[in-house]
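Residues: numbered from 1 along the sequence shown.
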Amino acid sequence: MNRNIMSDFTVHTSVNAADVLSQESNTSPETNVIVTELSEEAQLKLEVIQTLLEPCDRTTYGQKLKETAEKLGVTVRTVQRLVKKWEEDGLVGFTQTGRADKGKHRIGEFWENFIIKTYKEGSKGSKRMTPKQVALRVQAKARELGDSKPPNYRTVLRVLAPILEQKEKTKSIRSPGWRGTTLSVKTLEGQDLSVDYSNHVWQCDHTRVDVLLVDQHGELLSRPWLTTVIDTYSRCIMGINLGFDAPSSVVVALALRHAILPKKYGAEYKLHCEWGTYGKPEHFYTDAGKDFRSNHLSQIGAQLGFICHLRDRPSEGGVVERPFKTLNDQLFSTLPGYTGSNLQERPEDAEKDAKLTLRELEQLLVRYIVDRYNQSIDARMGDQTRFERWEAGLPTVPEPMADRDLDICLMKQSRRTVQRGGYLQFQNLMYRGEYLAGDAGETVNLRFDPRDITTILVYRQEKNQEVFLTRAHAQGLETEQLSLDEAEAASRRLRSAGKTISNQSLDLSEILT
């Protein structure tokens with residue numbers, strides 16, 4: 001859309017209620033029509049045109065033109081014609097038909113059948129598909145066919161109008177995230193970021209979980225931190241990170257990695273559904289905390305191909321903050337060791353009741369998100385479940401990213417020196433790297449997933465970039481799973497007992513029981 005297309009006239013007066021009533025009482029000499037009632041479409045046109053008739057400079061007017069065009073789903077030039085019709089004909093200009101074939105779709109039989117079939121198939125059973133989601137599918141199909149002029153959203157609405165009138169009750173959905181009929185968020189730079197489809201805009205935030213945890217030996221630890229990544233369009237929880245590390249860009253990166261990758265869980269999670277969300281955002285929208293303003297996160301965005309934005313004000317964070325309250329009310333408050341959100345009102349037996357480990361809490365949290373939260377309806381978004389809305393709102397099926405492409409999201413430990421035979425020492429464990437024997441004496445970088453450090457990734461630093469060398473496996477633990485927290489807890493116990501820490505003394509059967 002050309003932002004520079006502007007009419008050359010300067011507006012000196014604005015439309016008020018008196019003007020509207022005056023226009024309504026007049027009969028157009030050309031059409032001999034008296035306007036007594038405006039249609040919903042004409043009313044919308046009037047509302048947005050009024051904003052254009054307020055005095056302003058050329059720059060502001062150009063921006064208003066663009067915003068009005070987006071709201072009406074037309075071009076800037078069409079909006080300029082509407083302004084001219086208002087000046088010449090008043091309200092009659094909004095009710096006149098410009099074409100003899102108005103009401104006809106002017107599209108081929110293929111597209112009409114595709115639109116109707118897509119909507120009906122997407123609305124079978126418990127599924128729900130909106131006209132906007134159908135329009136997204138139309139655009140995707142057009143790209144596949146090489147059609148440069150497919151039906152737009154307004155045409156889709158016209159095709160579906162008879163079906164919608166019979167099947168749907170008119171609803172007006174408004175929430176803090178809606179501006180007019182469009183869901184959008186406002187950035188710190190003052191930009192209104194429209195949210196048009198799934199995986200378009202993701203949001204991220206942290207909270208301290210109100211549950212006290214214990215280690216593998218029942219000793220009291222503390223409350224963990226939960227980081228969530230939310231798809232703004234569907235309100236689905238895309239990914240999480242649960243751990244004892246305080247919020248940082250590294251923690252955000254781990255949550256992002258989990259959100260982007262397809263997620264698979266073992267039988268121990270007892271899931272009835274799959275956590276089917278994955279993909280990559282186009283925009284990443286967060287508060288202005290230090291962890292979100294870091295160069296690290298900007299580098300991740302640049303490498304993976306998304307744009308980072310900061311929130312304009314705290315009230316813009318409702319989409320990502322609301323799930324924390326739901327999780328607290330429906331899950332955390334039911335668990336042993338629950339502390340409540342108010343320290344002064346903490347249950348007396350919270351410490352005594354605590355018995356969950358981090359791994360056990362993570363299993364309960366994943367089960368709740370997958371089987372309940374993402375499968376529930378968000379009343380603000382219509383009658384689709386969050387997952388159904390995410391699935392229906394995808395323009396195309398996301399292309400899964402490879403694990404190696406996301407290594408930038410993994411934690412990086414301080415550098416290590418390769419020992420003779422290709423061995424490395426990390427977290428008091430001895431690792432052997434594949435094909436590292438020839439790099440003895442070299443200094444390398446280590447990256448790892450804190451949920452399982454039995455395998456670490458080895459990189460060589462070359463100027464301003466890291467080059468992947470190989471994987472290194474903890475000796476004797478290749479088929480096991482050991483988290484960073486578990487390894488650190490076991491090391492503390494061995495030190496307090498005066499024992500030497502090694503792969504042999506870190507008996508996995510003792511750590512995990």
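Between Arg235 and Asp231 there is no salt bridge, since none of the side-chain N atoms of the basic residue sits less than 4.0 Å from a carboxylate O of the acidic one. Note on Arg447 versus Glu466: salt bridge recorded, some NZ/NE/NH1/NH2 to OD/OE distance being below 4.0 Å. A salt bridge links Glu144 and Lys141; the closest N-O separation between the charged side-chain nitrogens and carboxylate oxygens is under 4.0 Å. Ion pair Glu321/Arg311 flagged as a salt bridge, since at least one NZ, NE, NH1 or NH2 atom sits closer than 4.0 Å to an Asp/Glu carboxylate oxygen. With respect to Glu486 and Arg359, a salt bridge is recorded, a charged nitrogen being found less than 4.0 Å from a carboxylate O.
Checked by atom type and distance alone, the side chain of Asp215 pairs as donor or acceptor with a backbone atom of Gly218 at under 3.5 Å. At distances below 3.5 Å, at least one donor-acceptor pair connects side-chain atoms of Lys263 with backbone N or O atoms of Ala259. The backbone N or O of Asn328 sits less than 3.5 Å from a side-chain atom of Ser333, completing a donor-acceptor pair. Side-chain atoms of Arg257 do not come within 3.5 Å of backbone N or O of Leu410 as any donor-acceptor pair. At distances below 3.5 Å, not a single donor-acceptor pair connects side-chain atoms of Asp371 with backbone N or O atoms of Leu271. Here the side chain of Glu388 pairs a donor or acceptor atom with the backbone of Thr385 at under 3.5 angstrom. Between the side chain of Thr470 and the backbone N or O of Glu434 there is at least one donor-acceptor pair closer than 3.5 Å. Between the side chain of Ser234 and the backbone N or O of Cys236 there is at least one donor-acceptor pair closer than 3.5 Å. Between the side chain of Arg471 and the backbone N or O of Leu457, no donor-acceptor pair lies under 3.5 Å. Put simply, the side chain of Arg416 gets close to the backbone of Gln425: a donor and an acceptor are under 3.5 Å apart.
Within the model, atoms CG of Leu254 and CG of Asn241 stand 5.0 Å from one another, a figure rounded to the nearest 0.5 Å. Leu261 contributes atom CG, which lies 8.0 Å from atom CE of Met401 (distance to the nearest 0.5 angstrom). In this structure, Ile300 CD1 and Asn295 CG are separated by 11.5 Å, a value rounded to the nearest 0.5 Å. Leu327 CG to Arg372 CZ: the interatomic distance, rounded to the nearest 0.5 Å, is 10.0 Å. Thr187 contributes atom OG1, which lies 8.0 Å from atom CG of Asp192 (distance to the nearest 0.5 angstrom). Note that CG of Leu406 and CG of Asp449 are 11.5 Å apart. Values are rounded to the nearest 0.5 Å.
Among residue pairs with one or both ends in residues 383-410, those qualifying as ring pair (Phe, Tyr, Trp, His ring centres under 6.0 Å) are Phe387-Trp390; sequence neighbours excluded.
Atom OH of Tyr265 sits in a crowded spot, with more than 12 heavy atoms from other residues, nucleotides or ligands closer than 6.0 Å. Other residues, nucleotides and ligands contribute only 12 or fewer heavy atoms inside 6.0 Å of the CZ atom of Arg420. Within 6.0 Å of the CD atom in Gln191, the count of heavy atoms belonging to other residues, nucleotides or ligands exceeds 12.
Heavy-atom minimum distance, Leu136 versus Gly393: CD1-O, 3.5 Å. Nearest heavy-atom pair across Leu424 and Val458 is CD1-CG2, 3.8 Å. Closest approach of Trp225 to Arg208, counting heavy atoms only: CE2-CD, 3.3 Å.
Contact check for Thr357 versus Leu361: no side-chain heavy atoms found under the 4.5 Å cut-off. Taking the side chain as every heavy atom from C-beta outward, Leu394 and Asn199 approach each other to under 4.5 Å. Using a 4.5 Å cut-off on side-chain heavy atoms (C-beta onward), Phe306 and Leu256 make contact. With a 4.5 Å cut-off on side-chain heavy atoms, Val250 and His296 count as touching. Between Gln419 and Met430 there is a side-chain heavy-atom pair separated by less than 4.5 Å. Residues Pro323 and Thr228 have side chains not in contact (no heavy-atom distance under 4.5 Å, counting atoms from C-beta outward). Residues Asp196 and Lys132 have side chains in contact (heavy-atom distance under 4.5 Å, counting atoms from C-beta outward). Side-chain atoms of Tyr153 and Leu157, non-hydrogen and from C-beta on, do get closer than 4.5 Å to each other.
In summary, of the residues considered (Gln133, Arg386, His200), a side chain to side chain donor-acceptor pair (under 3.5 Å) with Tyr233 occurs for Gln133 alone.
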- Item | Full working for salt bridge (Lys or Arg N to Asp or Glu O under 4.0 Å) between Asp439 and Arg460 | CA-CA 10 Å; Asp439 293 291; Arg460 176 188 290 122; 3.1 Å; yes

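Classification of the Tyr368-Tyr373 ring pair by plane angle, with boundaries at 30° and 60°, yields tilted. Ring orientation note: the planes of His258 and Trp275 are nearly perpendicular, at an angle over 60° on the 30°/60° scale.
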N/O donor-acceptor pairs under 3.5 Å from side chains in residues 278-285, not counting sequence neighbours:
residue, atom, partner, partner atom, Å
Tyr278, OH, Pro398, O, 3.1
Lys280, NZ, Leu304, O, 2.8
Glu282, OE1, Tyr197, OH, 3.0
Glu282, OE2, Tyr197, OH, 2.8
His283, ND1, His309, NE2, 2.9
Tyr285, OH, Lys186, O, 2.6

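Figure legend: Arg432 and Tyr423 shown as a cation-pi pair, the cationic atom lying under 6.0 angstrom from the six-membered ring centre and within 45 degrees of its axis.
Asp353 and Tyr338 form no side-chain donor-acceptor contact under 3.5 Å, judged by distance and modelled atom types alone.
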